[in-house]
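The structure appears right after this line, and notes come after that.
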Amino acid sequence: GRSEGPHAAPGAPAAQLPWRQRARMILGLAGFLIATKLVTSTANSMASSTQSLILKNDLGFTEADLGFFMSCQFAFGGFANAFLLAPVTRMLGGQVKAVVRNSLVVMAAAYFVQAGLRSTTLGLFDAWEAAARTYVFVGVAMLLSVFQYSLSTSITTESTRVVPEDMSGTLLGMEHGIFSGARILTPSIGIAILNAAGASALYLTCGSIFLAVVVFWQIISGSLVSGGSESSTSGRFSATGEMYDEMSGCTGDEI
């Protein structure tokens with residue numbers, strides 16, 4: 001675009017930066033947030049890509065049962081976004097730093113619970129009826145989706161806040177491009193782990209990924225708050241937290 005001279009009208013748009021320069025600036029401002037979302041998206045994709053195999057091979061679902069389950073899961077996602085996202089976000093702390101940390105902890109714990117339940121060494125599932133196993137598996141999957149929406153929306157809200165407004169489109173384009181590329185690879189990784197070591201190892205891997213992200217989130221986000229720009233960073237988290245209290249109809253994109 002045309003460069004604005006020194007006498008440009010107030011509020012006039014600045015010169016359009018080259019795409020690579022905008023991408024570098026976005027990564028410098030929101031790179032950690034994007035990386036957090038990418039890594040957790042990878043773990044979730046590994047688990048979700050094997051869900052149908054586990055339901056069919058281990059829990060005896062027919063094709064009709066799988067179709068019904070996927071329809072219910074899709075409907076529940078819409079319900080959770082419409083009615084559960086705002087109260088769950090407030091329950092998790094309201095502010096971005098707390099919501100992301102607590103969502104990560106809950107999801108790590110849920111994956112570890114699934115790993116324990118599916119462990120052949122512990123044999124917890126062996127004593128249960130088939131219906132009970134199905135209800136527990138589906139219940140944990142639904143629980144994960146609720147916190148997944150809170151995690152995704154919190155990170156997206158903060159990443160769009162920290163970049164200039166005229167770069168929001170570039171940010172969203174970069175995110176979708178990165179996540180689409182990751183989703184090409186992660187299903188094959190999840191299925192390979194499932195076939196080689198079983199469902200317990202798969203969920204243990206996903207839980208370990210989330211636990212590692214919790215540690216890094218605590219270290220890096222904590223250093224941002226306690227660094228030289230403490231007031232501006234704390235204000236950013238606080239403002240976002242207040243916004244959560246008002247946004248009952250916000251939508252979380254899938255991690």
Atom pair [atom1]/[atom2] of [X] and [Y] - distance to nearest 0.5 Å:
{"X": "Leu202", "Y": "Ser49", "atom1": "CG", "atom2": "OG", "answer": "7.5 Å"}
{"X": "Trp19", "Y": "Thr170", "atom1": "CH2", "atom2": "OG1", "answer": "8.0 Å"}
{"X": "Ile191", "Y": "Leu53", "atom1": "CD1", "atom2": "CG", "answer": "5.5 Å"}
{"X": "Ile193", "Y": "Cys206", "atom1": "CD1", "atom2": "SG", "answer": "7.0 Å"}
{"X": "Gln95", "Y": "Thr89", "atom1": "CD", "atom2": "OG1", "answer": "12.5 Å"}
{"X": "Leu55", "Y": "Phe137", "atom1": "CG", "atom2": "CZ", "answer": "4.5 Å"}

Whether the side chain of [X] engages the backbone of [Y] through a donor-acceptor N/O pair (distance < 3.5 Å, no angle test) should be reported.
{"X": "Ser152", "Y": "Gln148", "answer": "no"}
{"X": "Ser119", "Y": "Ala115", "answer": "no"}
{"X": "Ser168", "Y": "Glu165", "answer": "yes"}
{"X": "Ser180", "Y": "Gly177", "answer": "no"}
{"X": "Thr153", "Y": "Tyr149", "answer": "yes"}

A side-chain contact here means heavy atoms from C-beta on lying under 4.5 Å apart; do [X] and [Y] qualify?
{"X": "Gln114", "Y": "Leu144", "answer": "yes"}
{"X": "Phe147", "Y": "Leu92", "answer": "yes"}
{"X": "Thr50", "Y": "Met46", "answer": "no"}
{"X": "Asp58", "Y": "Arg133", "answer": "no"}
{"X": "Leu33", "Y": "Lys37", "answer": "no"}
{"X": "Met107", "Y": "Thr40", "answer": "no"}
{"X": "Ser159", "Y": "Glu175", "answer": "yes"}
{"X": "Ile54", "Y": "Arg118", "answer": "yes"}

Report yes or no: do [X] and [Y] belong to one cluster of Ile/Leu/Val/Met/Phe/Trp/Tyr joined by side chain heavy-atom distances under 4.5 Å?
{"X": "Ile209", "Y": "Leu185", "value": "no"}
{"X": "Leu211", "Y": "Phe32", "value": "no"}
{"X": "Leu194", "Y": "Leu59", "value": "yes"}
{"X": "Phe68", "Y": "Phe76", "value": "no"}
{"X": "Met142", "Y": "Val113", "value": "yes"}

Legend entry - Pairs involving residues 191-208, ordered by first then second residue, that meet side-chain hydrogen bond (donor to acceptor under 3.5 Å, both in side chains) (sequence neighbours left out): none
Legend entry - Working for side chain to side chain contact (heavy atoms under 4.5 Å, CB included), residues Val39 and Phe216: CA-CA 12 Å; Val39 174; Phe216 281 105; over 6 Å; no
Identify the two heavy atoms, one from [X] and one from [Y], that lie closest to each other, and give their separation to 0.1 Å.
{"X": "Leu66", "Y": "Ser52", "answer": "CD2-O, 3.9 Å"}
{"X": "Val140", "Y": "Ala110", "answer": "CG1-O, 4.1 Å"}
{"X": "Lys56", "Y": "Phe61", "answer": "CG-O, 3.5 Å"}
{"X": "Ser154", "Y": "Val99", "answer": "OG-CG1, 2.9 Å"}

Legend entry - Verdict with supporting geometry, Leu17 and Met167, side chain to side chain contact (heavy atoms under 4.5 Å, CB included): CA-CA 10 Å; Leu17 295 173; Met167 293 187 184; 3.6 Å; yes
Inset, instruction - Classify the side-chain pair Thr62/Asp65 by whether it contains a donor and acceptor separated by less than 3.5 Å. - result: yes
Inset, instruction - Begin from the C-alpha positions of Glu129 and Tyr135 and carry the test side chain to side chain contact (heavy atoms under 4.5 Å, CB included) through to its verdict. - result: CA-CA 10 Å; Glu129 296 290 337; Tyr135 291 143; over 6 Å; no
Inset, instruction - Test Ile34 against every option in Leu29, Thr156, Ile155, Ile178 by the side-chain contact (heavy atoms from CB on, under 4.5 Å) rule and name the one that passes. - result: Ile178
Inset, instruction - Could you walk me through whether Asn44 and Tyr111 pass the side chain to side chain contact (heavy atoms under 4.5 Å, CB included) test, one step at a time? - result: CA-CA 10 Å; Asn44 282 326; Tyr111 278 123; 2.8 Å; yes
